[in-house]
Amino acid sequence: ILVCWLFVDGLKLGVVGTVATISISWWVNVLILLVYSTCGGCPLTWTGLSSEALTGLWEFLKLSASSGVMLCLENWYYRILIIMTGNLQNARIAVDSLSICMAINGWEMMIPLAFFAGTGVRVANELGAGNGKGARFATIVSVTQSLIIGLFFWVLIMLLHNQIAWIFSSSVAVLDAVNKLSLLLAFTVLLNSVQPVLSGVAVGSGWQSYVAYINLGCYYCIGVPLGFLMGWGFKLGVMGIWGGMIFGGTAVQTMILSFITMRCDWEKEAQKASARINKWSNTIK
């Protein structure tokens, strides 16, 4: 907040200042985590540099690359939504209202993203310990909790659809546009209360590459074309673009991940994870 005020109000850097603020805050976060991890904050897991860190490096890089592609395809999807909206006629109000909705969605998204991280770690630990039932139980609890929180915010948005944009704008045109988009915002929040948690399950289970293909197919082969068709073909504007991309992309992806998770043989996945751990342990020895 201090750096943002300094760059935007003090140095009058405008949008460049806000971008620089985000970059600086992320780098500070990275440096603090690095110092914490290497200077005594994690005594049981960090004992200094060792050649053992290179063991299984190629497998780790492949898994990391799959995770990066999976997350990038998802993040870029919502950026494409704003870009497509910006190419509509008289797009200024549409972009303003959509940006407000995306900001609200981003705030609420922090909760499912926390479940994403926690669930991924928990599922991975349970599978690594050979406890398939524990991984399944962690999945059920996490999805249920996040869904309940999503339902709460869904109800909140539906009740306050006329007021949710007040903290961003006083423009009557923008407030009215956000009000019209509030239904889509509510359903987006509800879908995003489940989808990130299932992605966390996929990360903990080592399914990143599969989910990357699922994201590519659902988002860019179904969602984007459907959004384009509804936005320009049926002349529904920003509501058509967003609706097509949400119900054609995110909803389909969520259903596929739900199906995969429900049909998963957790005991078999635990055996695979235990076998990989034993293989790496023998390699280190």
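Numbers here are sequence positions counted from 1.
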Exercise for the section: Check the hydrophobic clustering (I, L, V, M, F, W, Y; side-chain heavy atoms under 4.5 Å; chains of links allowed) and say if Met158 and Ile246 are grouped together. Expected result: yes

Exercise for the section: Count the heavy atoms of every other residue, nucleotide or ligand shown that sit under 6.0 Å from CG of Leu54, and state whether that count exceeds 12. Expected result: yes

Exercise for the section: Kindly indicate whether the side chain of Val143, heavy atoms from C-beta on, has any atom under 4.5 Å from the side chain of Thr261. Expected result: no

Handout entry: Heavy-atom check, side chain of Tyr78 versus side chain of Asn192, under 4.5 Å
Key = yes

Exercise for the section: Find the distance between CD1 (Ile214) and CE (Met255) and round it off to the nearest 0.5 Å. Expected result: 12.5 Å

Exercise for the section: Report yes or no: do Trp166 and Ile164 belong to one cluster of Ile/Leu/Val/Met/Phe/Trp/Tyr joined by side chain heavy-atom distances under 4.5 Å? Expected result: no

Problem - Over all atoms of both residues, closest heavy-atom pair of Ala202 and Gln208 - result: O-OE1, 4.0 Å

Exercise for the section: Indicate yes or no: at least one non-hydrogen side-chain atom of Ser199 is less than 4.5 angstrom from one of Glu74. Expected result: yes

Practice task
For the pair Leu185 and Leu181, evaluate side chain to side chain contact (heavy atoms under 4.5 Å, CB included) and give the outcome as yes or no after the intermediate values.
Solution key: CA-CA 6 Å; Leu185 174 60; Leu181 293 174; 5.8 Å; no

Exercise for the section: Applying side chain to side chain contact (heavy atoms under 4.5 Å, CB included), run through Arg136 and Ile140 and close with a yes or a no. Expected result: CA-CA 6 Å; Arg136 179 177 179 273; Ile140 294 172; 3.8 Å; yes

Problem - Side-chain donor or acceptor of Tyr77 paired with backbone N/O of Met245 under 3.5 Å - result: yes

Handout entry: Expected output: side-chain Ser37 to main-chain Leu34 donor-acceptor under 3.5 Å
Key = no

Exercise for the section: Begin with the C-alpha distance, continue with both residues' side-chain angles, and end with the deciding distance and a verdict on side chain to side chain contact (heavy atoms under 4.5 Å, CB included) for Val123 and Trp266. Expected result: CA-CA 10 Å; Val123 169; Trp266 291 107; 4.2 Å; yes

Practice task
Heavy atoms only: give me the nearest Gly132-Ala270 pair and the separation to one decimal.
Solution key: N-CB, 3.7 Å

Practice task
Answer with yes or no whether the hydrophobic clustering places Phe137 together with Val203; edges join I, L, V, M, F, W, Y residues whose side-chain heavy atoms lie under 4.5 Å apart.
Solution key: no

Exercise for the section: Under the side chain to side chain contact (heavy atoms under 4.5 Å, CB included) rule, what do Phe115 and Ile111 come out as? Steps first, then yes or no, please. Expected result: CA-CA 7 Å; Phe115 279 99; Ile111 299 173; 3.9 Å; yes

Handout entry: Under 3.5 Å: donor-acceptor pair, side chain of Asn131, backbone of Glu126
Key = no

Problem - Donor-acceptor contact below 3.5 Å, side chain Ser146 vs main chain Val194 - result: no

Exercise for the section: Identify the two heavy atoms, one from Leu73 and one from Ala212, that lie closest to each other, and give their separation to 0.1 Å. Expected result: CD1-O, 3.4 Å

Exercise for the section: Indicate yes or no: at least one non-hydrogen side-chain atom of Lys180 is less than 4.5 angstrom from one of Val238. Expected result: no

Practice task
Look only at the side chain of Asn75 and the backbone of Leu71, and say whether a donor-acceptor pair between them is shorter than 3.5 Å.
Solution key: yes

Problem - Gap separating the CD1 atom of Ile80 from the OH atom of Tyr220, nearest 0.5 angstrom - result: 4.5 Å

Exercise for the section: Determine the minimum heavy-atom distance between Ala186 and Ile157, stating which atoms define it. Expected result: CB-CG2, 4.1 Å

Exercise for the section: Report the distance from atom CD1 of Ile22 to atom SG of Cys4, rounding to the nearest 0.5 Å. Expected result: 8.5 Å

Handout entry: Heavy-atom check, side chain of Phe168 versus side chain of Val174, under 4.5 Å
Key = no

Problem - Side-chain donor or acceptor of Ser274 paired with backbone N/O of Gln271 under 3.5 Å - result: no

Handout entry: Atom of Ser142, atom of Val197 and distance for their closest heavy-atom approach
Key = CB-CG1, 3.7 Å

Exercise for the section: Compare all side-chain heavy atoms of Phe234 with those of Leu229 and state whether any distance is below 4.5 angstrom. Expected result: yes

Exercise for the section: Supply the atom-to-atom distance Thr250 OG1 to Ile222 CD1, rounded to the nearest 0.5 angstrom. Expected result: 11.0 Å

Exercise for the section: Would you confirm whether Ser182, through its side chain, and Asn179, through its main-chain N or O, come within 3.5 Å as a donor-acceptor pair? Expected result: yes

Problem - Side-chain touch Tyr210/Ile260, heavy atoms, less than 4.5 angstrom - result: no

Handout entry: hydrophobic_cluster_shared for Phe116 and Val141, side chain cutoff 4.5 Å
Key = no

Problem - Closest non-hydrogen atom pair, Leu190 against Ser193 - result: O-OG, 2.5 Å

Practice task
Evaluate side chain to side chain donor-acceptor pair (under 3.5 Å) for Thr254 paired with Gln195, printing each intermediate quantity in order.
Solution key: CA-CA 5 Å; Thr254 302; Gln195 181 270 329; 5.7 Å; no

Completion exercise
Here the gap from Met239 atom CE to Thr85 atom OG1, rounded to the nearest 0.5 Å, amounts to 12.0 Å

Problem - Trp207 backbone acceptor or donor facing Ser205 side chain under 3.5 Å - result: no

Completion exercise
Taken to the nearest 0.5 Å, the spacing of Trp242 CH2 from Phe247 CZ works out to 10.0 Å

Practice task
Measure up the Trp154 and Phe187 rings against each other and bin them: parallel (under 30°), tilted (30 to 60°), perpendicular (over 60°).
Solution key: perpendicular

Handout entry: Flag side-chain contact, heavy atom, 4.5 Å: Ile241 against Leu98
Key = no

Practice task
Report whether Leu88 and Phe228 are members of the same hydrophobic cluster (ILVMFWY, side-chain heavy atoms less than 4.5 Å apart, transitive linking).
Solution key: yes

